[in-house]
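All remarks here apply to the structure that follows.
As the structure is a computational prediction, the values presented were derived from the model and not from experiment. We use all heavy atoms of the structure for the numbers below, so side chains are in, but hydrogens, waters and symmetry mates are not. Note on naming: letters A, B, ... go to the chains in the order of the sequence lines (proteins, then strands), and numbering restarts at 1 for each one.
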Amino acid sequence: MLTQAPRGTKDVLPTESYRWQFLEKKMRGAAALAGYREVRTPVFEHTELFARGVGDTTDIVQKEMYTFQDKGNRSITLKPEGTAGAARCFLESNLYADALPCKMYYLSSPIFRYEAPQSGRLREHHQFGMECFGAQDATVDAELILLAFHLLDDLGVKNLSVNINSIGCPECRPKYHAALKDYLVPRLSGLCEDCRNRYERNPLRVLDCKKPNCQALVKDAPSMLDYLCEDCRAHFEQLQDCLQASGIPFRIDSRIVRGLDYYTKTVFELITSTKDGNLTVCGGGRYDHLVSQLGGPDLPAVGFGMGIERVLMLLDGEGIVIPRPDQYEVFVTYMGGCRMDAFRLVQSLRAQGFRADMDHCSRSLKAQFKYANKTGAPFSATIGEEEAQAGTVKIKNMATKAEKTVPQAEAAETLRAMMES
RNA sequence: GUGGGUAUAGCGUAGUUGGUUAACGCGUCAGAUUGUGGCUCUGAAGAUCGUGGGUUCGAGUCCCACUACUCACCCCA
């Protein structure tokens, strides 16, 4: 259907875009407080970037990417997540040569994944993300978690739980993998088919299976946390110390496994419980070797992504109302012969900073007022024959019906005065 | 990718065991005497009943396919 947006996409209508803008403003403010500056990277990248960065065994890369050949025969992919592009940009522009850490955020960046759309899941969605390159201390991990938490908390999101975990580093993770596999091997036949696949690709995922059978079988499986090397353990403890000191509620969930291969050490999720179940609004973690994997220096980094649509969904679900700005502050109405006077007044009001408009459909005065009322304009300014003759305009407070006739030259200051009273 | 539900004007719905011009509410537009809105009243516009095929004398109503929406699994924001 020509008049139908592609599956899994959603228009943001003029009547609702203020909600996005409201969020974006909050996000910008929160990021700025911690010294993060905006980065804008392309919507598409070379496919290779994601294959190498995100990991070519991940679901995202294997089956969810929008990939195509461009006319120069390059394999191009619409970005399926935000971090790889930011890392590429960081590297390409040699930002690591400046003072580190390098802090950046991206706003309402479109993210594309070929998935079956459902509640809170689209094929094109938008993320607010923050990345910090070049700092290894867990204070940054904590700073990002706190930032995300306070942002959502400030918006009024309730039932927010912060879950953290450490999935180790190339040093200790293989040992854990081995231990986990040893544990799973004798139980393989009892696991579901999905889990047997997971065992091959990413054994950590088996721990997260929701099937009762599998859960029972992995109940006593070894925990990554018991296998962390000294460095990772200390780092994880520092993170907990920071979070504790900040006083926000959090819990360790050793089953958190992220679906992107680049993560090391810290991984975290901000989850809210809604009436339809749990919803992850924000997910992130540390990726200490992504930059080197992409051919750069071995620099530590941390970041997260937050789903804009999901945040909006939560606000909706909790009945949190975002203030809707008036489309107009003043609507100019006029009698048939005075169209030019009205037009000039509108232009003059706009020049003086008022959101102003007039009828453009040759409507009757009555209909103009109806329309003005519908737009929610708090004031009208009317020019009829009498006013045109005298060079005046009749300004009316739509709510109180109070009217005041003043010279057209004084319209702006009269409006200001009436707005304040 | 697998399975369930849904598909009637812009939105929300009705449509009886298949039977002549598909109904209602909201919204939109226009009127209710000459320069004014939110209430009320009146009227108008607006639907090839998701698309395509089939059964039938006849289908919005039954059957099949496709598509979209929606929910669950998987995975994720």
Gap between atoms CD and P, on A/Gln118 and B/C73 respectively (whole Å): 7 Å

Donor + acceptor pair across side chains of A/Glu131, A/Tyr287 (<3.5 Å): yes

Touch class at under 4.0 angstrom, heavy-atom based, for A/Arg123 against every strand present: nothing

Nucleotides 34-44 of chain B: protein proximity per nucleotide (B base, S sugar-phosphate only, - neither; heavy atom, under 4.0 Å): -BBBB------

Nearest-angstrom distance, C1' atom, B/A22 to B/G46: 14 Å

Interatomic distance, A/Asn163 CG vs B/A77 C1' [rounded to whole Å]: 15 Å

Sugar-phosphate, base or nothing in reach of A/Ile308, heavy atoms under 4.0 Å: nothing

Rounded distance (Å) that lies between atom P of B/C71 and atom CG of A/Leu122: 10 Å

Exercise: do A/Ser75 and A/Glu48 side chains pair donor with acceptor under 3.5 Å: no

d(CG, A/Asp11; P, B/C69) in whole Å: 12 Å

Distance flag, aromatic centroids of A/Phe331 and A/Tyr371, threshold under 6.0 Å: yes

Between B/C69 (P) and A/Lys10 (NZ): distance, integer Å: 11 Å

For atom CD of A/Glu64 and atom C1' of B/A77, their distance in whole Å: 12 Å

Whole-angstrom distance between B/G25 and B/A14, as gauged at atom P: 15 Å

Touch class at under 4.0 angstrom, heavy-atom based, for A/Glu115 against every strand present: base

Salt-bridge contact A/Arg19-A/Asp316 (side-chain N to carboxylate O under 4.0 Å): yes

Which residue lies more 5' along RNA chain B, comparing A/Tyr114 with A/Arg258 via nearest heavy atoms: A/Tyr114

A/Lys79: salt bridge (charged side-chain N to carboxylate O under 4.0 Å, His left out) partners, not counting sequence neighbours: none

For RNA chain B, the dot-bracket pattern of Watson-Crick and G-U pairs whose distances stay under 3.5 Å, | for other-strand partners: (((((((..((((.....[...)))).(((((.......))))).....(((((..]....))))))))))))....

A/Thr392-A/Thr405 side chain donor-acceptor pair, cut-off 3.5 Å: no

A/Tyr114/A/Tyr66 aromatic ring centres below 6.0 Å: yes

Interatomic distance, A/Asp59 CG vs B/C73 C1' [rounded to whole Å]: 13 Å

A/Gly307 vs A/Ser119, nearer the 5' end of RNA chain B by closest nucleotide: A/Ser119

Protein-nucleotide distance (A/Lys63, atom NZ; B/C75, atom P), rounded to Å: 8 Å

Phosphate OP1/OP2 of B/U67: any A/Arg7 side-chain N/O under 4.0 Å: no

Sugar-phosphate, base or nothing in reach of A/Gly8, heavy atoms under 4.0 Å: sugar-phosphate

Lys/Arg-Asp/Glu bridge criterion (N-O < 4.0 Å) met for A/Asp141, A/Lys265: no

Sugar-phosphate only, base, or nothing, as touched by A/Gly120 at under 4.0 Å among non-hydrogen atoms: base

A/Thr67 and A/Thr77 side chains, donor-acceptor separation under 3.5 Å: yes

Basic-acidic side-chain contact under 4.0 Å: A/Lys10, A/Glu309: no

Phosphate-side-chain proximity, A/Arg363 and B/A30, N/O vs OP1/OP2 below 4.0 Å: no

